[in-house]
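A short write-up of the structure that comes next.
Just so we're on the same page: letters track the sequence lines, and every chain starts at 1.
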There are 2 protein chains.
Amino acid sequence: MKVKEIAKALATTPDTVRYYTRLKFINPGKSDNGYKFYSTKDVSRLKFILSARQLGFSVDDIKQILGEADHGKTACPLVRTLIIERLAETERQFKAMLLLREKMTLAVSKWELMEDKAPTPHMVCHLIEGFEHTALEEDRK
Amino acid sequence: MKVKEIAKALATTPDTVRYYTRLKFINPGKSDNGYKFYSTKDVSRLKFILSARQLGFSVDDIKQILGEADHGKTACPLVRTLIIERLAETERQFKAMLLLREKMTLAVSKWELMEDKAPTPHMVCHLIEGFEHTALEEDRK
DNA sequence: ATAGACCTGTGCCTAAGACACAGGTCAAGC
DNA sequence: GCTTGACCTGTGTCTTAGGCACAGGTCTAT
């Protein structure tokens, strides 16, 4: 298979395939014309890579995992360790986003009712500058 | 104030202050010794910038907002428009993270009970490669 | 023969700073 | 007066996971 074919088969882009090829995650052969050709083994490997990405593993994680596997060792313990770390990080980000979302939603609704104001040397936009203050007042109620 | 002082006063880092200074978001004066000094006006501006960042505005958004304000125009309409866009984007990301988190959590619990397996040419790690398949089976129950 | 679609390798771009480095400046202690 | 350490300056590079551009080679259909 050529690069566009394998990309389409696995629902990704040629650029992504080339990226992993560059990183030597997959090692396709070469035709006489210089085109790379991807075997079914390459397809399996790429499928693995894409699945791992979808599960939240980083490209560097995948490099480590492939490193183990390519030494014939089982990567399972590493995989279990890594996903726990990634999940913890995801959890942190998730909570941060939840907070941010609430904050933004509150801002949107508050700002709908407020008038416009011209800027002053010490005030760029009273909506933003006043927000934390008024938000705190709300909390106190 | 010198860079470290303003940074501490606003609970940020000197690098961040220098970054916004480089972008001309704040325009401190210069002492004879070449050190920059930040006035109370610079403090207000930086405070605004940091508040806007916390509310989910991008640095480029802030550039636009400052651009309006520095022309003496009210930035409020722009601010309202931008936050709605940012909130929509945050909402998208939030939903994606929610899904990812569930997926990862499911993977962690499933993988706890599964044995390790050595890799084969067409299978790097059966935990990952088998996940989507078994996840679908679960859904069917 | 030529147009258009594909391929190659290389390299730059992203966001929001963090970090490094070479060199200048200041205050304190000796 | 000198050294040491903490601070400052400007500049440049690094981070993620590819996306996009470009110059040039190759295949296919007309």
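- When every heavy atom of A/I128 is checked against every heavy atom of B/L55, the shortest pair comes out as CG2-CD1, 4.3 Å.
- Counting non-hydrogen atoms of neighbouring residues, nucleotides and ligands closer than 6.0 angstrom, the NZ atom of B/K2 reaches no more than 12 such neighbours.
- By the 4.5 Å heavy-atom criterion applied to side chains, B/L127 and A/R80 are counted as neighbours.
- Near DNA chain C, defined here as any heavy-atom distance below 4.0 Å, the residues from residues 34-47 of chain A are A/G34, A/Y35, A/K36, listed numerically.
- A/H126 contributes a side-chain N or O that, together with a main-chain N or O of A/E115, makes up a donor-acceptor pair within less than 3.5 Å.
- Side-chain contact between A/R18 and A/K36 is absent, with no heavy-atom pair separated by less than 4.5 Å.
- Near DNA chain D, meaning a heavy atom under 4.0 Å from it, residues 81-101 of chain A has no residue at all.
- Using modelled atom types, no side-chain atom of B/S31 and backbone atom of B/N33 make a donor-acceptor pair closer than 3.5 Å.
- Annotation: salt bridge (charged side-chain N to carboxylate O under 4.0 Å, His left out) contacts of A/R22 (sequence neighbours excluded): none.
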Side-chain donor-acceptor distances from residues 56-74 of chain B under 3.5 Å, at least two apart:
from, atom 1, to, atom 2, distance (Å)
B/S58, OG, B/D60, N, 3.3
B/S58, OG, B/D61, N, 3.0
B/S58, OG, B/D61, OD1, 3.3
B/S58, OG, B/D61, OD2, 3.3
B/D60, OD2, B/Q64, NE2, 3.4
B/D61, OD1, B/R86, NH2, 3.0
B/D61, OD2, B/S58, N, 3.0
B/D61, OD2, B/R86, NE, 2.6
B/D70, OD1, B/R45, NH1, 3.1
B/D70, OD2, B/R45, NH2, 2.8
B/T74, OG1, A/K117, O, 2.8
B/T74, OG1, B/C76, N, 3.3

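- Applying the ring-ring contact (aromatic ring centres under 6.0 Å, His included) test to pairs two or more places apart or on separate chains, those with a residue in residues 5-24 of chain B are B/Y20-B/F25.
- In terms of modelled atom types and a separation under 3.5 Å, the side chain of A/E129 and the main chain of A/C125 share a donor-acceptor contact.
- For the salt bridge (charged side-chain N to carboxylate O under 4.0 Å, His left out) test, residues two or more places apart in sequence or in another chain that qualify with A/E91 are B/R101.
- When side chains are defined from C-beta on, A/L78 counts as touching A/L82, because their heavy atoms get closer than 4.5 Å.
- Here the range on DNA chain D touched by chain B, meaning any atom under 4.0 Å from one of its heavy atoms, is D/dC7 to D/dG12.
- Taking a 4.0 Å limit (strictly below) on heavy-atom distances, residues 13-33 of chain B reaches DNA chain C at B/T13, B/D15, B/T16, B/Y19, B/Y20, B/N33.
- Where B/E5 and A/R53 each meet DNA chain D at their nearest nucleotide, the meeting point lying more 5' is that of B/E5.
- Applying the ring-ring contact (aromatic ring centres under 6.0 Å, His included) rule to pairs touching residues 73-94 of chain B yields A/F94-B/F94, sequence neighbours excluded.
- Terminal axes of the helix from C/dA1-D/dT30 to C/dC30-D/dG1 (five pairs each, C1' rotation axis) are separated by 30°, to the nearest 10°.
- A/E85 is linked by a salt bridge (charged side-chain N to carboxylate O under 4.0 Å, His left out) to nothing, counting only residues two or more places apart in sequence or in another chain.
- Looking at residues two or more places apart in sequence or on another chain, you find a salt bridge (charged side-chain N to carboxylate O under 4.0 Å, His left out) between A/E89 and A/R92.
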